[in-house]
Number of protein chains: 2
Amino acid sequence: MTETEASPRRRPSMLDVAETAGVSKAAVSKVIRNAYGVSPAMRERVEAAIRELGYRPSIAARSMRGASFTLGFEIPQLANDFFTQVMQGAADELAGSGYQLFVAPAVGDVQGAPVLQALRDRRVDGIVAISPDAAPEWLEQLGVEVPLVLLGRHDPSRSYDTVTSDDAAGARLAMAHLIELGHRDIAHLTVDASPQVPEELLPHTRRLHAYTEAMRQIGAQACVVSGGPLELQARDAAWELLSGPGRPTAVFAANDTLAIGTLRARAELGLNADELSVVGYDNIDLASHPLISLTTVDQRGHETGAIATRLLLDRIRTGRAEAHHEVIAPALRVRGSTRPPEEQQPG
Amino acid sequence: MTETEASPRRRPSMLDVAETAGVSKAAVSKVIRNAYGVSPAMRERVEAAIRELGYRPSIAARSMRGASFTLGFEIPQLANDFFTQVMQGAADELAGSGYQLFVAPAVGDVQGAPVLQALRDRRVDGIVAISPDAAPEWLEQLGVEVPLVLLGRHDPSRSYDTVTSDDAAGARLAMAHLIELGHRDIAHLTVDASPQVPEELLPHTRRLHAYTEAMRQIGAQACVVSGGPLELQARDAAWELLSGPGRPTAVFAANDTLAIGTLRARAELGLNADELSVVGYDNIDLASHPLISLTTVDQRGHETGAIATRLLLDRIRTGRAEAHHEVIAPALRVRGSTRPPEEQQPG
DNA sequence: ATGAAAGCGCTAACAG
DNA sequence: CTGTTAGCGCTTTCAT
């Protein structure tokens, strides 16, 4: 009486499938890749064996020769609903494509390059990145090695694609709106920029320049406050700006998260929209909430993510090498957070 | 004159490093793994070669024998700030550990199990998951194959750890608060539950039961509305609830995203906190914003993520097999969204 | 149309 | 302490 060998409960490998189906590994490989040159009969038997064994190919092993069927998405900050919106757009576009999306958040001072490296080390088939502080030359090199799309960069890149809002135009929209309402004392709240990257390539510095230019045109004094990217950091920065003397009548915040932080400070200081107008940039979902009602510049995050994904898949599937540069036209969304300035108080 | 061979610009492999350093691959392997048994001299030479070549180990190849140094985090929904908060906690805890965190968002109807499979196929070293609709037996099997921690599950699991809020206690806190304020017409807004999972294992159904029980105790009629998990879906559900006859004086929403949606409907219908109190669950950052000021139950998302990560690393590093079940004590945060009900209007 | 065999880049025995 | 030798599970020529 022969003992049935206790099955080691090992994950079935391609060899197991091949043996159960009575064919070669190569045949199994062709079937799972839908490769050319398999008879219907063979396909039938192999698929039956796969089902019977509950076989799943090891992506790790596949990655060594072929594709990993994995796309990496690097984001610099988790607590920013705009990025969530972009990711959602990317994820939706990817549905049913056979690719799995992995989001690699930058955390602490592990920003940009190291995260992109981590993605690359894991042999992802393509990368979408929002890396405001990666140097263009470095990205150019990465783009040669792996299909790459950058969001929110105005780089005239050759090896990677870009998708970005027309930030100068968007910022002009915001400023024109405030100025038309009658504001002249307009402050700008932005985030500290990386020294690694030429100024003109980044959204925040472009918006800043448009702000400065607009102020110059109306002959007003520019006032720029800059700090961290988190809502509470923006609150702190705004608090300082608003509680001091010579408080502005309006704040143009470089993105919606900063704007929400400004609204927090405004409310905490007992001010309302008549006393301080606030404009943001992004049009996150929350901006349309009636309790927030934030005037902002729409840069269609969901669509941005979808476009980026399409560009990436195109690069992967067709091997395209020429860079594409998509620019999203911004649109102003006027809501309750902006009002004409109050009548000047008599001295 | 010998032509210099055009270097194929291939990524340097371990063999290249070994040759440049004049040692064996095994030696290089030991160095990069900080393994036992390398002389300082050897380490020196190998590290020099690594620097010279700009060598980076292929994680794909490492994954086939050893570890992938990658942790997977599955979340069911991107547009929920509570999940973001948990992810942030996990990411912070992981900083400097040498592990890279990959977030795999569920998208469309690709929820739970398929996403976890995708993670497993890629040989991640461990998984943190928020899978409200994965069957316990299935998870039990997965837990045998890979270190696994589930968030927001009350499963008496044997192969995986769980971290969860004491949802019944938290919901009781919320209900007691409303009842103490004088409310009796309290509706509950929740999300549709998966039929795959026993009710008593999920946060939302636990909260629902606590609600029903509280209503029974005060002899009031329960009113439960259920819909999708998105803020705008909650807005729609709440709109229906609030615009019909017999409008409740308070809504207990099963999470903060639903509560924010309820606040949206409330404001759109021209109602304020005196006319409708709203309580949420999670205490997302936005809840403390003065323009939202949402009374809610704090379940410390950041800490939840950190604890989950610690449990996972412990499983990975020590090989622990016994399951741990952490319960987070909830705390009520009273804010402006809850008030005593208005005086009854005369018929 | 199918299969044998050689790797992909690494880790893990084991031998020296 | 160091190097040799097998694989890990797949893809890919290249025969047949």
Side-chain angles (χ1 to χ4, degrees), chain A residues 8-47 49-50 53-70 98 117 120-125 145-146, chain B residues 8-47 49-50 53-70 98 117 120-125 145-146:
Chain A
R9 258 297 166 237
R10 186 176 47 83
R11 230 188 179 221
S13 79
M14 183 173 277
L15 184 59
D16 299 320
V17 176
E19 281 170 354
T20 346
V23 299
S24 72
K25 283 194 303 175
V28 178
S29 176
K30 279 174 185 155
V31 169
I32 67 173
R33 285 179 296 127
N34 280 310
Y36 184 78
V38 269
S39 67
M42 160 120 288
R43 146 155 283 120
E44 184 74 12
R45 297 174 55 192
V46 170
E47 283 175 343
I50 288 179
L53 268 53
Y55 166 74
R56 316 204 89 229
S58 157
I59 304 282
R62 299 184 83 169
S63 308
M64 294 197 62
R65 305 301 251 106
S68 66
F69 305 101
T70 310
Q117 282 281 21
R120 173 117 189 72
D121 294 342
R122 284 157 182 83
R123 291 274 188 281
V124 296
D125 295 337
E145 296 171 17
V146 59
Chain B
R9 258 296 166 239
R10 188 175 47 81
R11 232 187 178 222
S13 78
M14 182 173 278
L15 185 58
D16 299 320
V17 176
E19 281 169 354
T20 337
V23 300
S24 72
K25 283 194 305 174
V28 179
S29 176
K30 279 175 183 153
V31 169
I32 67 173
R33 285 179 296 127
N34 280 309
Y36 184 78
V38 269
S39 67
M42 161 120 285
R43 145 155 285 122
E44 184 74 15
R45 299 173 54 193
V46 170
E47 282 174 346
I50 288 179
L53 269 52
Y55 166 74
R56 316 206 88 228
S58 157
I59 303 283
R62 298 183 84 168
S63 307
M64 295 199 61
R65 303 302 254 111
S68 66
F69 306 101
T70 310
Q117 283 280 20
R120 175 114 190 74
D121 293 342
R122 283 158 182 82
R123 290 277 187 281
V124 296
D125 295 338
E145 296 171 17
V146 58

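Below, read A as the first sequence line, B as the second, and so on, with proteins coming before strands; counting in each chain starts at 1. Every heavy atom of this structure was used, including side-chain atoms; hydrogens, water molecules and symmetry mates were not.
- The residue Ser29(A) sits close to a base: some heavy atom pair falls under 4.0 Å.
- Atom-to-atom distance recorded for Lys25(A):NZ and Met14(A):CE is 8.0 Å, nearest 0.5 angstrom.
- The CD1 atom of Ile59(A) sits 8.0 Å away from atom CZ of Arg56(A), with the distance rounded to the nearest 0.5 Å.
- The side chain of Ser58(B) contributes no N or O atom lying less than 4.0 Å from OP1 or OP2 of dG9(C).
- To the nearest angstrom, C1' of dC10(D) lies 14 Å from CZ of Arg123(A).
- Rounding to whole angstrom units, CZ of residue Arg120(B) and P of dG9(D) are separated by 12 Å.
- Here the straight-line distance linking atom CD1 of Ile32(B) with atom CZ of Arg43(B) works out to 11.0 Å at 0.5 Å rounding.
- Mapping Gly37(B) and Ala61(B) onto DNA chain D by nearest heavy atom places Gly37(B) closer to the 5' end of the strand.
- Looking at heavy-atom distances under 4.0 Å, Val23(B) makes contact with sugar-phosphate atoms alone, never a base.
- dT13(D) atom C1' lies 14 Å from atom NZ of Lys25(A), rounded to whole Å.
- Val28(A) comes within contact range of no nucleotide atom at all, as no heavy-atom separation falls under 4.0 Å.
- As rounded to whole Å, 8 Å separates atom C1' of dG3(C) from atom NZ of Lys30(A).
- Computed from coordinates, the Asn34(A) CG to dA1(C) P distance equals 15 Å when rounded to whole Å.
- Note: CE (Met14(A)) to P (dT12(D)) measures 11 Å, nearest angstrom.
- Between the CG atom of Leu53(B) and the CZ atom of Arg11(B) there is a distance of 12.0 Å, given to the nearest 0.5 Å.
- Contact annotation: Ser39(A) reaches the phosphate of dT2(C) (side-chain N/O to OP1 or OP2, under 4.0 Å).
- If you check every strand for non-hydrogen atoms under 4.0 Å, Ala26(B) touches a base.
- Distance from the side chain of Ser13(B) is smallest for dC10(C) among the nucleotides dC10(D), dG3(D), dC10(C).
- The shortest distance between the side-chain N/O atoms of Tyr36(A) and the OP1/OP2 oxygens of dT12(D) is not below 4.0 Å.
- When the side-chain nitrogen and oxygen atoms of Arg65(A) are compared with OP1 and OP2 of dT13(D), none of them lie within a distance under 4.0 Å.
- The interatomic distance linking Asp121(B) (CG) with dC10(D) (P) rounds to 10 Å, in whole Å.
- Note: CG (Leu53(A)) to P (dG9(D)) measures 14 Å, nearest angstrom.
- Along DNA chain D, the nucleotide nearest Val38(B) and the nucleotide nearest Met64(B) are compared for position; the residue whose nucleotide lies closer to the 5' end is Val38(B).
- At the phosphate of dA12(C), OP1 or OP2 sits under 4.0 Å from a side-chain N or O atom of Arg33(B).
- For the OP1/OP2 pair of dG9(D) and a distance below 4.0 Å, the side-chain nitrogens and oxygens of Arg62(A) include no atom meeting the criterion.
- At least one donor-acceptor pair under 3.5 Å links the side chain of Ser68(A) to the backbone N or O of Arg123(A).
- Side chains of Thr70(B) and Arg122(A): a donor-acceptor N/O pair is present below 3.5 angstrom, by distance only.
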